[in-house]
Structures are given as structure tokens and as C-alpha cells.
Amino acid sequence: MRIPALLFSTMFAVLLLASTGCEDGEGNGPGGPQNGGGNSGGDVPLPGLQSITVEPADQVLLLEAGKTPASLTYRAMGVFDNSPPRDITAQVRFSVDNGFIGGFSGSTFTTYKNQGGVTTVSALAGGVRGTTQVSVKLQASVKDPGSTSLPEDAAAPFAGPPSDTRKPDLVYPNDGVLMPPNMRGAELHFLPGTGNTLFELSLQNAVTDLKVYLRCTQPTNGGCIYRPDDTTWLWLTQTNRGGEPVSVTLRGTNDAGAAVGTSTPLSVSFARDDLTGGLYYWTTSNGSAIMRFDFSSASQLTGEKFAGPEVAAGECIGCHALSRDGKKMVAEASGQNSGRIVLMDVASKTLLAPYNAGASSPDKSIFESWNPDGSQYVGVYGDMGATDFNLMLFDGNTGKKTQSLAGTGTSTNPTSHPDWSADGQKIAFVKMGVKGTNQRFGKGAIQMVSRTDSGWSAPVTLAPAVDGKNRYYPAFSPDNTFLLFNESTCPSGTTSGMDCNADSDPSARLFAVKAEAGATLIELARANAPGKRDTGVNLTSSFPKWAPFLYQRTREPGSKLQWFTFSSSRRYGLRNPLPGSGENPNGTLLWISAVDPDKVALGQDPSYPALVLPIQDITTSNHIAQWTKVIVPVIR
């Protein structure tokens with residue numbers, strides 16, 4: 001549901017307002033109780049008070065979106081020692097624990113105009129609290145501003161008889177997808193059904209009753225793409241932040257209402273927390289470049305160019321890694337068998353060491369990962385002219401090699417794809433089973449070394465080398481407890497080839513494993529799953545990298561969520577695959593998926609279905625997404 005660019009400034013002004021839990025200057029921050037009550041404000045204990053009952057209990061308020069707020073007046077009944085219950089409304093302080101949806105003035109709860117949800121109502125007197133729940137159900141019936149010539153009464157034609165031939169088919173996103181509530185737009189793709197010219201999109205759950213009437217405004221490959229306006233999108237996402245799944249159904253008919261087809265529903269959910277941090281990725285657009293996007297920004301709409309060949313004497317720069325504080329970048333220039341490094345201060349875009357300047361330049365490496373404080377990075381170099389095939393540690397300010405971790409690699413089995421854990425205590429890497437370059441090799445195993453009192457441990461194997469497979473691209477989760485990695489399957493059981501050489505393998509799939517030897521390998525089946533328009537399962541689901549923070553899925557204490565991005569050649573709904581190269585006939589886009597880390601501990605698939613990151617240029621191939629906690633502004 002990709003929101004038109006011109007609407008973003010309005011959207012995020014509203015988002016900033018919503019994120020404070022306020023509307024028109026009322027209320028307080030998210031999750032902060034709204035004050036109310038009578039003379040004592042609830043702070044003074046009432047002698048002998050045993051319990052409080054809040055009345056009326058468990059109410060549902062209906063809110064017409066954008067119109068008059070709904071209100072409800074509560075009463076608090078106190079139970080005291082050896083006396084009958086009595087009304088103590090004037091002596092308690094009323095509050096709600098979800099400041100996004102409304103607040104109290106005295107004993108009256110009033111919703112905001114544009115957001116539903118569920119909250120606990122509390123009445124407090126001294127240390128005694130009584131509670132109940134209130135659900136605010138947001139209702140709206142709107143016409144899509146992007147659709148023209150809609151009937152004045154757009155709902156009337158949908159009274160016709162049912163018809164299977166008119167059933168629309170929802171193509172994208174996949175059923176069960178979870179989205180960040182601040183996703184910068186998404187799209188709904190559908191096949192219209194026979195003879196349909198008018199559609200009713202229904203978004204329903206216990207706190208949502210939204211209907212949107214629309215046309216096929218963006219016909220694409222026999223189907224339609226719907227982009228909601230900013231207001232409707234905010235109603236949906238903010239009402240359902242951290243809530244229950246929303247059922248999405250599409251009905252189709254013609255303007256005369258001859259018959260009505262109804263799609264099979266799909267469900268969409270929204271996480272409690274916004275996605276934050278910064279993303280750097282490599283693109284084939286702009287003459288090839290490293291792009292970046294700030295998810296914490298209220299104004300940035302799409303990825304912006306950060307650096308290209310101009311920082312490497314005209315040579316292409318691709319594989320890159322950012323320090324966790326976003327202040328430094330290390331990037332490889334000129335591809336395989338080069339190992340020449342651009343080491344850059346991000347804010348000034350100046351090189352920390354001369355590029356390709358003999359002995360004074362950074363020592364060679366390909367594929368890097370930074371330690372937590374940005375003082376070192378770990379790298380590998382097993383290409384032409386290599387002399388050290390181990391994991392190597394480099395000074396983060398000069399690029400000079402400071403240490404080789406003996407026993408991690410050999411000239412026959414070099415290391416590749418290192419990843420340093422966020423706590424600094426572990427480094428995961430690939431040990432090649434069939435030697436090649438660091439970019440292309442075969443029969444990889446995922447191994448790990450751990451920091452000890454005397455240095456680094458001997459490697460342990462997390463995902464062993466297996467005939468007919470290749471395992472590569474390990475990535476530690478933000479809580480340091482498990483890793484994601486790729487596994488490719490080789491044609492006819494061979495040990496190499498384009499399907500399993502760790503480059504752009506069509507057969508690449510995503511797996512998880514706990515950061516301990518002998519742990520079970522868990523396929524991320526939901527993240528790997530094809531969309532309705534994909535053929536087969538070879539979708540190049542490759543290069544997983546984590547957003548650097550821990551999040552909550554719901555408002556329930558203890559609920560956990562983590563996000564990761566990956567590259568994939570799967571179809572973006574109705575759109576045709578991008579053109580690829582000799583390694584893979586299809587290009588890749590950046591996708592994002594959520595993970596429930598608690599399920600990894602249980603040996604279960606922790607993933608949710610994936611969706612496209614709509615901040616990228618979808619007409620070009622995009623790869624190698626790397627995260628950092630902060631996007632550091634460039635000094636102009």
C-alpha cells in the first residue's frame with residue numbers, strides 16, 4: 001500500500017503528533033496514564049479501602065473516524081472494612097495505559113478523533129487500584145481519493161447477489177504479514193475478477209471497521225495496485241499498533257451491481273514499535289552506488305545516494321559495513337581479487353586512510369564487520385595474492401591489520417563472511433569447503449569463535465559443511481543468542497556452480513541456528529515462502545542482516561520482536577522480476593521480515609512472511625543491506 005510521495009509530509013506530521021499520544025494539544029505520551037479524578041487525585045489513601053470496582057465494565061465505544069470523539073463517564077465503587085460499598089468517584093484518579101487512543105478529564109474518558117484500540121482503565125486511591133477495559137472501535141467508510149467517477153453511493157452496488165466468477169484475488173502481501181507501524185508505504189495487489197469495475201476493500205477486527213471504495217487505478221500485468229491515502233493508512237496502522245491481526249477482504253462488482261464477488265481474506269498485523277535505525281544498501285542505479293535511508297526520519301521519503309565510485313578513484317564500491325554508531329564505513333572497491341578498501345568517516349565523507357596508496361593504504365580485506373565501539377573491524381581476504389586465510393582484525397581508524405586469529409582458516413579452506421556480535425563476544429564466519437574467492441566458493445560451514453580471558457577460542461561449528469549444500473552469510477541476532485544464515489542447494493549434488501556458489505544463488509534460503517555447537521538448524525519457512533505470482537521456490541533469499549534494536553510485538557510485557565532485511569529475486573506482487581545477470585536471470589529487491597526470538601529457543605520457525613521495503617527504487621536491482629543504529633548527517 002504505497003503512499004504517494006506528496007502525502008508523506010502530511011503523514012509524518014500526523015505521525016509525530018500520534019507518537020506523543022496527543023491530539024490538538026491534549027493528552028500525554030504513549031503508555032503514560034491520563035490524569036483525572038476528584039479532589040484528592042487518587043494520591044491520598046482511603047482508610048479501610050480493600051478494593052475498587054470500575055463501572056461500567058468492559059465497554060466498546062464506536063468512533064466515527066475524523067468526526068466527534070466518543071466519551072464515557074465512569075464510576076468507582078469502593079469496598080471498605082465492615083461497611084457496604086460506596087461511591088468514591090470523587091476520591092480516585094482515573095487513567096488509561098494506552099495514551100494513544102484517549103484520556104480522562106475527571107471521571108470522563110474521551111477518545112481522540114482518529115484512532116481506535118484497546119486500553120485498561122484504572123481508578124487509583126492510594127495504593128489500591130481497580131481496573132476494567134475499554135475498546136474503541138474505529139469506523140469509517142471512505143472513497144479512495146485516487147479513484148475517479150465513483151458512484152455517489154458507492155456501497156449500494158454491493159447489495160447484488162454473490163458470484164464466484166467475480167471473486168477478486170489478493171496477490172500481495174502474503175497472508176499473515178507483520179508490518180512496522182511506521183512503514184513508509186506499502187501496496188495491495190489484486191486480480192480484479194471478471195467484469196468488475198468497482199471494489200470495496202474491507203479492513204476488520206475488534207477495533208477496526210474500515211471500508212474503502214476504489215477503482216483499478218493502477219492496472220499492472222492483468223491486475224490492479226491500490227495505494228491508500230495517508231489518512232486511511234494512519235487510521236489503520238495507529239489503531240492496530242501492537243494489536244490483533246486485521247482481516248483484509250476485497251469485494252468486486254460493476255457499477256450496476258449485477259453480482260458481487262468476494263475474495264479469500266488475508267490477515268495483516270502491525271508491530272507495537274516503530275522500525276528505527278539506518279539502512280545502507282548497494283544499488284545498480286545511479287551508475288551503481290551505496291544508498292542510505294533513515295527510518296527514524298520524519299522527512300526522508302526514499303533512499304538517498306551516499307557514496308559511489310567518486311570515493312574510490314572512479315572504481316566501483318560495493319560490499320560495505322557500517323560501525324554500529326554510524327560514524328565509520330569500510331567498503332570494498334573494484335570487486336573480486338582486489339581487496340582494496342575505502343575506510344571513511346561518514347560525517348565528512350573523507351577517507352581515514354589513503355585509498356590505494358601503497359604501504360600507507362588500508363590492508364586488504366573483503367567482507368567486514370565492526371566491533372561494538374567501532375575501534376576495530378574483522379575482515380577476510382582469500383583472493384588473488386592472499387597470504388593470510390584466517391579471520392583478521394583491523395584498526396578502525398587506519399585500516400591496518402592488528403591480529404590474525406590463528407586456526408580459523410587455511411590456504412585450502414579460507415574464511416569468509418565474518419559477523420561480529422553486538423556484545424563483542426563472538427565472531428561468526430564461513431569456512432570454505434571448496435576454495436574459491438571470498439565472493440564465490442562452495443560447501444561452506446558456519447563456524448564461531450568466542451572471546452576468552454586470553455584472546456579468542458578455537459572455532460566451533462554451528463552449521464556443518466554438507467555435500468550438495470553451501471552455507472554462508474551468517475548474521476548474529478541483536479540479542480546475540482542466535483544467527484541467521486543462508487543455505488543453497490547444488491544441482492545434482494555437486495559442490496559448486498551458480499546455484500550454490502554463495503553469490504546470487506537462486507536456491508538460497510534462510511535458516512536460523514542458536515549460537516551454540518550442535519544446535520538444530522531451523523528453516524525460516526514463512527520468510528522463504530513464495531508469493532502467489534512466483535513460480536517454484538528458488539527465490540534468492542540471501543544476505544540477511546539485522547536491524548540493530550530489540551522491539552516489542554504487542555503491548556503485553558515480555559513480547560519480543562526483531563527485524564531483518566534480505567535480498568530476493570521473488571516477484572513484487574504483480575510486477576515482473578527485474579533483469580539479472582549471468583549469475584541469476586533475475587535481479588533482487590530488498591525485503592524485510594520479522595522474527596519472534598522466543599521461537600528459536602523452541603526450535604520453531606520464528607519468521608513472518610516478508611514484504612518489500614518500499615523506500616528503494618523498485619526499477620533497479622538492490623543488494624547488500626547493512627544496518628546501523630544512527631544515520632550520521634553529512635557535513636555539507
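Side chains included, hydrogens not; waters and symmetry mates left out as well; all remaining heavy atoms used.
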Inset, instruction - Go through the structure and list residues passing ring pair (Phe, Tyr, Trp, His ring centres under 6.0 Å) with His320, not counting sequence neighbours. - result: none
Inset, instruction - Please say whether the positively charged group of Lys431, taken as NZ for Lys or CZ for Arg, lies over the ring of Phe429, i.e. under 6.0 angstrom from the six-membered ring centre and within 45 degrees of the axis. - result: no
Legend entry - Near-ring test Phe394/Tyr377, centroid separation under 6.0 angstrom: yes
Inset, instruction - Only pairs at least two apart or in different chains count here, so list each salt bridge (charged side-chain N to carboxylate O under 4.0 Å, His left out) that has a residue in residues 590-600. - result: Lys560-Asp598
Inset, instruction - Provide the full list of salt bridge (charged side-chain N to carboxylate O under 4.0 Å, His left out) pairs with a residue in residues 521-541, sequence neighbours left out, each pair given once. - result: Asp169-Lys532, Arg509-Glu523, Arg526-Asp605
Legend entry - Over-ring placement of Arg324 relative to Trp370, 6.0 Å and 45° cut-offs: no
Legend entry - For Gln562, all residues meeting side chain to side chain donor-acceptor pair (under 3.5 Å), sequence neighbours excluded: Asp479
Determine all donor-acceptor pairs shorter than 3.5 Å in which one atom belongs to a side chain in residues 306-313; sequence neighbours excluded.
unit_1 : atom_1 : unit_2 : atom_2 : d
Glu310 : OE1    : Gly308 : N      : 3.3
Glu310 : OE2    : Gly308 : N      : 2.9

Legend entry - Partner residues of Ala502 under the side-chain contact (heavy atoms from CB on, under 4.5 Å) criterion, sequence neighbours left out: His417, Phe441, Asn470, Tyr472
Inset, instruction - Indicate yes or no: does Lys629 engage Asp325 in a salt bridge with an N to O separation below 4.0 Å. - result: no
Legend entry - Parallel, tilted or perpendicular: ring planes of Tyr572 versus Tyr172, cut at 30 and 60 degrees: perpendicular
Legend entry - Check: Phe543 ring centroid to Phe566 ring centroid under 6.0 Å: no
Legend entry - Lys426/Asp423 salt bridge by N-O under 4.0 Å criterion: yes
Legend entry - For Trp627, the option from Phe295, Tyr280, Trp546 that meets side-chain contact (heavy atoms from CB on, under 4.5 Å): Phe295
